[in-house]
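Step one of this worksheet: look at the structure below.
Here is how names work: the chains are called A, B, and so on, in the same order as the sequence lines, proteins then strands, and each is numbered from 1.
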2 protein chains.
Amino acid sequence: MGRRSDNADAEARATLSDVAARAGVSPSTASIAFSGQGPVSDSTKARVRAAAEELDYTGPDPLARSLRTGRSGIVGALIPQRIGTSFRDPVIIQTLDGLAEELGQGGSGLLLLSERTRDTDRVSIEAAPVDALVLLGCGVSSTTAISVLRRRGVPVITIEGDPEAGVANIDVDNRGGTRLLAGKLRDLGHRDVALVTLPLAIADDLAPLTAAALDAATVRPAVTRTHGARDVFPDAQGIVASGSTIADGRAAGRVLLDVPPSDRPTAIIAQSDLLAAGVVFAAQDLGLSVPRDLSVVGFDGIRIDELPMPLTTVAQPAQEKGTAAGRAVVDLLDGGRPESRCFPVVFEPGATIALPAAR
Amino acid sequence: MGRRSDNADAEARATLSDVAARAGVSPSTASIAFSGQGPVSDSTKARVRAAAEELDYTGPDPLARSLRTGRSGIVGALIPQRIGTSFRDPVIIQTLDGLAEELGQGGSGLLLLSERTRDTDRVSIEAAPVDALVLLGCGVSSTTAISVLRRRGVPVITIEGDPEAGVANIDVDNRGGTRLLAGKLRDLGHRDVALVTLPLAIADDLAPLTAAALDAATVRPAVTRTHGARDVFPDAQGIVASGSTIADGRAAGRVLLDVPPSDRPTAIIAQSDLLAAGVVFAAQDLGLSVPRDLSVVGFDGIRIDELPMPLTTVAQPAQEKGTAAGRAVVDLLDGGRPESRCFPVVFEPGATIALPAAR
DNA sequence: CTGTTAGCGCTTTCAC
DNA sequence: GTGAAAGCGCTAACAG
């Protein structure tokens, strides 16, 4: 029973067969007239269009079309947390923008999936009607997600995901970028350097950075950036932030800085620009001047207007990441085998690092 | 031929019939075992599950299920412009967040549609496989969109749309809110008041606010807020901004303020907080002090950290708007007839208005 | 260029 | 509690 919402109005909607009948042609011909996928005489096409017009037929039912062709025209993007949270991060927005734009070129739409959906939902990763899925800097132990999708036969692309998974991965040079920043600090003479990391797992709390937590981490970039920092400062300790907002950075910064001066680091490596901005504010809260009393570096290269000085950071091509992921998806759907790639980052000198203050 | 991507791997995926056969039951029984929509003995259910496991069957194909049930489980959101642009507006993000969250409760997913899709796209409003669509503060002459969707039988909800369209509309008190702010300015003694409006149509350019432009406007809130301002200052002139960012406001503000002092308004009513912030910056650029030399009011109630003082504005419940729209959609899909509603706004005193400077 | 035939994979009466 | 039958609306071979 029951197609559509059996709302008051609607006597059954016309189907392609109805249109074909009215135009005096077979359904297959009518189908071709609509899709252009085959030869039809102009006169026939016109007749079909006219019949459609009369019957108020707007085109093939996408649901039926999807079943028949095996394609829905929809690509899913799995984002961490809820929209309001994820979308506070400019990097995610830019990446999605690039992704959506590129998918649009291929005629596909973007379905937003949050990690938080219950699997009873009609549109969870185990049941969403998607032709492919992009895992976006996710804290799903992405191997789990990937295996579910593989079983479903849904192709996957990851952005900053686990490279081992045998899936094309669009990456940025998180390790090298952080190492570069750490190197600048070392060259200036910093030795007491602390980290403010991104959450290591979905829904992490503010906490010290422990080896155990790092081992259990599911958020790739957080781990990789930590490695990059430790390439230069092997013993660097730090704080795991509870998110990637200015407020989260401020809270983490306070923990690191609101201590006796002798225990205070001379520099802080924050794993995102928003976190770094928060650290700068935390320093200001405590009467410390940046960069005189404290050097701070970030990651991402987003502009943060509220900061009194430009941040020393590395810029990543967020939108291009999305575009590349989109292109990889389109390629995949065309039967190609897109390759992983890793974007370089670009150093932005800014004005938040300096020589360590004499003690 | 060809189901799915005929990629190297995959020998044909198992179907529900395969599972049923293996479990020694009929397809209908297997279906019930999966969906829970009917009576099955526990033992049968277990057998079906086991067979599924063995065949690597993860559940019913969503495409087939959709065709059969007439529901895709997907709700579309039509946003103006591209993601990167729309999502710079915190109000849109919050609204989408509320919407997605509420839809998630109903088990539906959110498909992002941009007005900019070409109608040849597989997933345009003409052909997206959605159970319903939410028009989000759109500049589509929404009547057009609505009529397409009505013909398709896709139910629609609008957010700040045209109320006449015979569609449930989730609105906020744009007119009353702006009138309230204008009233404050009048009470302080302002008489030379200028407007910085939101774009009146998709992709508007910075331009003077003319009667013709206002008549041709497709973006509802821009029109309504203009009316609200003119309820108090009937002759107020102004500038149509080219977007709703701080930069757009700054540009518009410059046009209004970079004139001989005698031509300068003593107050500016901007139609969004971002525009208002831009106006404040434009004033500063010209050496004017806010609110001493110029009073500025906004609209929305978002926090703008980079501003040196809190903005005088009215706050709208952006997330609740989304939630309400989501609830309306769910209601609609349940066969209900959700009603339009209009949220009130709340005055936020801020510190950007004062008595007009003596001339 | 057009029509015939078949079936995508599933859910849902309805009878047992 | 289970099975048989029907068909959602469409497109893709293939034959004419």
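Within a 6.0 Å sphere centred on CG of B/Asp42, other residues, nucleotides and ligands contribute 12 heavy atoms or fewer.
Going from atom CD of A/Gln37 over to atom P of D/dA13 covers 11 Å, rounded to whole Å. When rounded to the nearest whole Å, the span between CG of B/Leu55 and P of C/dG9 equals 14 Å. Counting to the nearest Å, the P atom of C/dA6 and the CZ atom of A/Arg68 are 13 Å from each other. Between A/Leu67 atom CG and D/dC10 atom C1' the separation is 8 Å, expressed in whole Å. Between the CG atom of B/Asp18 and the C1' atom of C/dG7 there is a distance of 15 Å, rounded to whole Å. In this structure, the CZ atom of B/Arg47 is 8 Å from the P atom of D/dT2, given to the nearest Å. Residue A/Arg71 contributes atom CZ, which lies 20 Å from atom C1' of D/dG9 at whole-angstrom precision. One interatomic measurement links the two molecules: CZ of B/Arg65 to P of D/dG9, which rounds to 18 Å at whole-angstrom precision.
Ring geometry, A/Phe87 versus B/Phe87: the interplanar angle falls from 30° to 60°, so the pair is classed tilted.
When all heavy atoms are compared, the tightest approach of A/Ala127 to A/Arg152 is N-NH1, 3.3 Å.
Sequence order on DNA chain D of the closest nucleotides to B/Ala64 and B/Pro27 puts B/Pro27 first from the 5' end. In terms of position along DNA chain C, the nucleotide closest to A/Val25 lies nearer the 5' end than the nucleotide closest to the other residue of the pair A/Val25 and B/Thr29.
A donor-acceptor contact under 3.5 Å is formed by the side chain of A/Ser28 with the base of C/dG3. Applying the 3.5 Å distance criterion, the base of D/dA12 shares no donor-acceptor pair with the side chain of A/Ser31.
Between D/dG9, C/dT11, D/dG1, one nucleotide has an atom nearer to the side chain of B/Pro60 than all others, and that is C/dT11. Across C/dC10, D/dC10, D/dG1, the shortest atom-to-atom separation from the side chain of B/Thr15 is found for C/dC10. Here the nucleotide nearest the side chain of B/Ser41, chosen from C/dT2, D/dG9, D/dG1, is D/dG1. For A/Val40, counting side-chain heavy atoms from C-beta on, the closest listed nucleotide (C/dT2, C/dT12, D/dA4) is C/dT2. Distances from the side chain of A/Leu16 to the nucleotides C/dG3, D/dC10, C/dT11 place D/dC10 closest.
In this structure, B/Thr44 reaches the D/dT2 phosphate: one of its side-chain N or O atoms is under 4.0 Å from OP1 or OP2.
Consecutive Watson-Crick or G-U pairing (both distances under 3.5 Å) extending over three or more pairs maps onto DNA chain D as C:1-16 with D:1-16.
A/Ser35 comes within 4.0 angstrom of nothing in the nucleic acid, heavy atoms only. Using a 4.0 Å heavy-atom cutoff across all strands shown, B/Tyr57 reaches sugar-phosphate atoms only and no base atom.
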Applying salt bridge (Lys or Arg N to Asp or Glu O under 4.0 Å), run through B/Arg341 and B/Asp171 and close with a yes or a no.
-> CA-CA 6 Å; B/Arg341 49 183 301 191; B/Asp171 213 342; over 6 Å; no

With salt bridge (Lys or Arg N to Asp or Glu O under 4.0 Å) as the test, would you mind laying out the steps for B/Glu160 and B/Arg220 before giving the verdict?
-> CA-CA 6 Å; B/Glu160 298 182 77; B/Arg220 204 74 224 151; over 6 Å; no

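There is a side-chain donor-acceptor pair under 3.5 Å between B/Ser41 and B/Thr44. Under the 3.5 Å distance criterion, with hydrogens and angles disregarded, no donor-acceptor pair is assigned to the side chains of B/Ser31 and B/Ser28.
Figure legend: A/Arg65 and A/Phe34 shown without cation-pi pairing, the cationic atom not lying both under 6.0 angstrom from the six-membered ring centre and within 45 degrees of its axis.
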